[in-house]
Asks: 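Dumping the structure here so I can ask a few things about it.
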2 protein chains.
Amino acid sequence: MANIKEIARMAGVSVTTVSRVLNNHPYVSKDKRDAVLQTIEQLDYTRNMNAVHLITGRTGAVAVILPYIHAFYFSIIMNGLAHEALLSQYRLILCQSNYLEEEEIKVLEMLRHKEIDGVVIVSTALKPEIIEEYTAYGPIITCQDSGERRYSSVYIEHYAAFKQGLEYLTGKGYRSIGYCEGRRNGSSAVIRQTAYREFIAEHQLAFEEEWMIYDCTTEEDGAAAALSLLKMSQRPEAMIITGDHVAAGLIIEARRSGLSIPGDLAVMGFDNQPIGRLLQITTMDNHLYEMGAAAFRIIHEQIHSERPEPVYRKLDYRIIERSTV
Amino acid sequence: MANIKEIARMAGVSVTTVSRVLNNHPYVSKDKRDAVLQTIEQLDYTRNMNAVHLITGRTGAVAVILPYIHAFYFSIIMNGLAHEALLSQYRLILCQSNYLEEEEIKVLEMLRHKEIDGVVIVSTALKPEIIEEYTAYGPIITCQDSGERRYSSVYIEHYAAFKQGLEYLTGKGYRSIGYCEGRRNGSSAVIRQTAYREFIAEHQLAFEEEWMIYDCTTEEDGAAAALSLLKMSQRPEAMIITGDHVAAGLIIEARRSGLSIPGDLAVMGFDNQPIGRLLQITTMDNHLYEMGAAAFRIIHEQIHSERPEPVYRKLDYRIIERSTV
DNA sequence: TTGTAAGCGTTATCAT
DNA sequence: ATGATAACGCTTACAA
């Protein structure tokens, strides 16, 4: 395959001139530029970008770490990231980690190996200390609140958002509230559970340990939760459920079993996913798209600044009132 | 940041020896190897992979082109790809194209620029001729049947599969069948519509133009389809719907409106997605996961062979009988 | 406006 | 078993 030297020789110019044409530098006469362009066309030449990356020290690529691409929560954030990356002519390299530290480390190692210019961590199993180590090799941003670390973050205050959701339910008069939690190891799940238990205690609400249902991540988990709810001697008046798709599964199964919603059971979802609109689920909009977009904008800026300072951006949230509460 | 030269100097060996240690070559004495290893540790050294890519002419990365990551159809294929890529220690670069030719070309250009070793095209808006041009720069495989071209393919016979679905419905006694089609431009949609219309004609089934519903890609589209079905003066006895999530939307909305399924309306889905199991939707399993896995295995083999020949692999399919037909 | 030559950080070749 | 040295294909001082 042709290289820059060959183009230079055939066009009767130096490699520098060819490089200038390639990079749209000024100070190239029209004659030479045309000659170069024509030769390039003729030989079907393109640059070997590996050589460019080597000499420039940049790759124009950013990696994104997330556990599952097929989870709505993450795909919405991903859309935000992708949109901004496109605007900046950047490439996104996706890493579906399944929360495997090993996979996540691999991506951070890519940063170290100079294969990418930065890393966006949407959700991780990694300890903040580990991430912090890698900031030495390039900019990193997380979509989780990890305190004011040496890397940036765009995040939702899960604690406050969850409490607001609970307040909304008690405001509607519900005095016993169950909770379908998402992935047990998920960083947000831990926070939300704390918010939940504290809220229950503060407001002296009724509570049974079986109202706390763990590891609900799919429609089927929601359906299973509905079934176990039905078998309880004491059932909560309301359920708060992270993920509208899980809420959807619960609602469908509960209705199939003859429960009226919100009459017999109120359901509040989280994350404002498309299925939620279909089933008219009352939910919490976490602005996930904007989260992705902001994350990319920040890391892009950091890639291009000399000594970037970490940025901490807190996103807001709001309840979407529909008809399941 | 430290480079190989520095390591060599500090360890008191040549760069060649360092390189040998780095690549686990034989013929390095234990003494020197240990010295090198220790220096590497000490300086926190890693290779600049751009230099490696440049000299070796390989990158260990394969790009995947698909229109939408959040569509179940594609995410299942993606899972198959990802699993195999992991086994082969390959990196996957994801391109969400939205069926924009421009975006897809960008990826093919990466192949030309030597930034990736191969391309897996899951679904594309590109003409086969264009893809064929790029085979000059490296192996390409599609997950669509495009005839026996200069690039490989793993594909489902959408025509035959769709007809089998229709036969299943007529076998159950339904004599009027409507069809919710997926994305209008989707390559499979075109094929399936042909199969549909031909089947209707061959079997002299009842048919109204309004039973053919276009561009159904989401749960909400399915719900909307249910609503328009309800308004028809003549309603089909059965619906065949590409995508179980679309079928789910239709079923939920239809039942909400008092329709019994399959009593008043039989529904057959396609693609065997998780939601289909929850709602007990009778569907067609297209082996999408296996499709992704096979695609990667083939391209991986081609990357490592001198003069690769195109491979054409046809996948089978089967009906999963549940309770909506 | 143009060209020469020195890198970038590796691996490959070919000695010894 | 080890090491010079030449690639790989490009950008960028620096000189003219």
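Every value quoted in this text rests on a predicted model; they were computed, and no experiment measured them.
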Asks: Using whole Å, what does the distance between atom P of nucleotide C:dT11 and atom NE2 of A:H113 come to?
Replies: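 Rounding to the nearest Å, NE2 of A:H113 and P of C:dT11 are 11 Å apart.
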
Asks: With sequence neighbours left out, what residues match B:S14 under side chain to side chain donor-acceptor pair (under 3.5 Å)?
Replies: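 Residues passing side chain to side chain donor-acceptor pair (under 3.5 Å) with B:S14: B:T17.
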
Asks: Which residues, if any, of residues 2-31 of chain A bring a heavy atom under 4.0 Å of DNA chain D?
Replies: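 Result for residues 2-31 of chain A: A:N3, A:I4, A:T16, A:S19, A:N23, sorted by number.
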
Asks: Find the distance B:E115:CD to D:dC10:C1' and express it as a whole number of Å.
Replies: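 Nearest whole value for this atom pair: 13 Å.
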
Asks: Grab the CD1-C1' distance between B:I55 and C:dT11 for me, whole Å please.
Replies: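 From B:I55 CD1 to C:dT11 C1': 5 Å.
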
Asks: Can you check whether B:K32 has a side-chain N or O nearer than 4.0 Å to OP1 or OP2 of D:dG3?
Replies: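 It does, given that an N or O in the side chain of B:K32 lies less than 4.0 Å from OP1 or OP2 of D:dG3.
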
Asks: Under 3.5 Å, side-chain donor or acceptor atoms of residues 5-13 of chain B against the rest of the protein: list the pairs with distances, not counting sequence neighbours.
Replies:
none

Asks: Going by ring-ring contact (aromatic ring centres under 6.0 Å, His included), name the residues that satisfy it together with B:H300, two or more places apart in sequence or in a different chain.
Replies: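 For B:H300 the ring-ring contact (aromatic ring centres under 6.0 Å, His included) partners, ignoring immediate neighbours, are B:Y90, B:F296, B:H304.
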
Asks: Between the side chains of A:T46 and B:E109, does any donor sit under 3.5 Å from an acceptor?
Replies: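 No - no donor-acceptor pair under 3.5 Å links their side chains.
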
Asks: Quick check on contacts: within residues 44-54 of chain B, what sits under 4.0 Å from DNA chain D by heavy-atom distance?
Replies: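 Nucleic-acid contacts, sorted: B:L54.
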
Asks: Could you pull out all residues at least two apart from B:Y134 that satisfy ring-ring contact (aromatic ring centres under 6.0 Å, His included)?
Replies: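 By the ring-ring contact (aromatic ring centres under 6.0 Å, His included) rule, B:Y134 matches B:Y137.
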
Asks: Using distance alone, with no hydrogens and no angle criterion, decide if B:H287 and B:D316 have a side-chain donor and acceptor under 3.5 Å apart.
Replies: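 Per modelled atom types, B:H287 and B:D316 side chains form a pair under 3.5 Å.
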
Asks: So, A:Y151 and A:S146: side-chain donor and acceptor under 3.5 Å apart, yes or no?
Replies: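 Note: A:Y151 and A:S146 side chains meet the donor-acceptor criterion.
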
Asks: What I want to check is whether the side chains of B:R47 and B:N23 have a donor and an acceptor closer together than 3.5 Å.
Replies: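 Side chains of B:R47 and B:N23: pair found under 3.5 Å.
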
